[in-house]
Amino acid sequence: GIALVHVLFAPVLGRPPRVFFFVLLARCLMQTVELILLQRSAEAIPERTIRVYAHVSIWLNVGFALLLSRLSGIQDSHYSVLMLIPVIAAAFRYRTPGIVLVVSAAVTATLYEVWSKGRTESVPPSEYFEAAGVALIHVVVGLVVAYLASQVRSEQLTAERSLAELKRTRDRLVEEEKLAAVGRLAGAIAHEVRNPVAMIVSSLALARRGGAGALPREELDTILETEAARLERLTTDFLSYARTKPPERAPCDLSSTLNYIADVTQARSSEKGIRVVVDVTEGLSASLDEFQIHQVLLNLVLNAIDAAPTGSTVLLGAALRGAGVAITVENAGGPVPNDQRARIFEPFVTTKATGSGLGLAIAQRIAHAHGGEVALEVNEPGCVRFALLLPGMPREGERVAAAAR
């Protein structure tokens, strides 16, 4: 901008020496490089380097303003006004001694410009008055920016303290929530284990007492076998929930996956007179652990079959949704009660008379391991729909580009 103004006014004021334009160009290139480096790697620059850069930049701008004033060759150029740049930077970066030093340098340079001119020519008093006004501006700007910078630093310190306190509070709440979750889980396990154990103990006690009310041996064996199997199933389900392995992903055709689930559940659905219908786009695929996803879908489909009224249809579908894939399981049964809707994915929470209540919790764990989730999307009378949301497979062009990288 300065170079352009000098070129435009050259016919009236004369052209400055070439070194003047060289200094302008050199400083412009320096600042451009500084800006690029700061924008690209500001977070990676150590604080010590930033402080050194601030010192160098401030005093370089002081020298730059003074040098332009000397090289312009024009009376009343007033390039000392460029001292405002290092004054503002110093007021923001420095403490009081540093600010006083830079402002003093700016004031001295402004007054020196007029004084040095007065040594070779007659200078009217108005020039000194104008220089004093510019010097006063430097002082006022330094004071105002220093005050604002101190306020910013104070507010930043307050914000950092508040943020640190929030983090501590968050960590404490997370820890308390973890302990509460462990407590709920332990209580649920104890509750689930207590019933079959109580049945076994009471049956054995009754058999030991003998008498007219004693259970026949075959009936006792049946009770023991049934309750032991219940304990084994509970333990197996809990271990499946607690030890979900990382998925071994591979490209998987969703059409074949969903049709396999429909075939596997056909016997169960036929018992209730329910049809499982598959609706999926051919060629739709996702990167997943097929064995684990089978476990999720089996749980969702069997739950849907149990909840669906006789003679109805369970719809098993898959479609693209945004950048991913949605696999849906829909039935015509009654909705999940509102008081249980928020907790259906918690361990040992179930709406069934039998079952461990770990099925949906395991399904959610597997979905999260795949970078997705299981969600209850629709919960209305006559329409309950669960959705397994998974990341999609990249298109062929994207795969080629990724392989090239």
Side-chain angles (χ1 to χ4, degrees), residues 1-6 8-9 13 16 20 23-28 30-32 34-35 38-39 42 45 47-160:
I2 292 173
L4 179 61
V5 170
H6 273 278
L8 292 176
F9 282 87
L13 302 177
F20 175 84
V23 170
L24 279 177
L25 178 61
R27 185 60 183 141
C28 181
M30 288 172 64
Q31 290 188 315
T32 301
E34 292 169 11
L35 181 62
L38 288 173
Q39 285 185 331
I45 299 176
E47 180 62 26
R48 183 175 181 277
T49 303
I50 291 290
R51 287 198 298 268
V52 171
Y53 165 76
H55 295 319
V56 173
S57 178
I58 287 170
W59 290 107
L60 196 58
N61 279 323
V62 170
F64 174 68
L66 189 59
L67 189 58
L68 280 191
S69 180
R70 301 294 294 173
L71 293 176
S72 65
I74 299 175
Q75 290 185 350
D76 303 332
S77 63
H78 298 301
Y79 280 122
S80 59
V81 75
L82 292 175
M83 292 286 182
L84 280 175
I85 296 173
V87 166
I88 291 173
F92 182 78
R93 274 284 175 186
Y94 291 166
R95 300 299 179 183
T96 302
I99 298 172
V100 171
L101 185 59
V102 174
V103 171
S104 298
V107 170
T108 301
T110 301
L111 298 176
Y112 172 77
E113 182 180 356
V114 179
W115 177 80
S116 63
K117 189 188 301 181
R119 295 176 59 188
T120 58
E121 58 186 271
S122 176
V123 177
S126 60
E127 285 291 314
Y128 289 98
F129 176 79
E130 187 173 350
V134 174
L136 184 59
I137 289 174
H138 292 328
V139 174
V140 172
V141 168
L143 289 173
V144 171
V145 175
Y147 171 74
L148 294 177
S150 68
Q151 293 294 107
V152 169
R153 278 191 288 268
S154 176
E155 292 178 2
Q156 181 180 5
L157 184 60
T158 302
E160 289 175 353

Fill in: Under the side chain to side chain donor-acceptor pair (under 3.5 Å) test, residues paired with Y128 that sit two or more places apart
none
side-chain contact (heavy atoms from CB on, under 4.5 Å) against [X], all qualifying residues, sequence neighbours excluded:
X: A89; value: I58
X: L60; value: R27, M30
X: S126; value: P124
X: A135; value: V107

Response to the item:
Correct closest heavy-atom pair for N61 and P86 would be CB-CD, 3.8 Å
Item to complete: Considering non-hydrogen atoms only, spot the tightest contact between A109 and L66 and give its length.
Response: CB-CD1, 3.9 Å
Discussion item. Under the side chain to side chain donor-acceptor pair (under 3.5 Å) definition, can you give me all pairs with a residue in residues 82-108, not counting sequence neighbours?
Written reply: H55-Y94
Discussion item. I need the full list of side chain to side chain donor-acceptor pair (under 3.5 Å) pairs touching residues 148-159, with sequence neighbours left out, sorted by first then second residue.
Written reply: Q156-E160
Can you find a pair of side-chain heavy atoms, one from [X] and one from [Y], that are under 4.5 Å apart?
X: L101; Y: W59; value: yes
X: L24; Y: F20; value: yes
X: V81; Y: T110; value: no

Worksheet item: Can you name the ring pair (Phe, Tyr, Trp, His ring centres under 6.0 Å) partners of F64, sequence neighbours left out?
Response: none
Atom pairs and distances, donor-acceptor, side-chain atoms in residues 140-149, under 3.5 Å, two or more places apart:
none

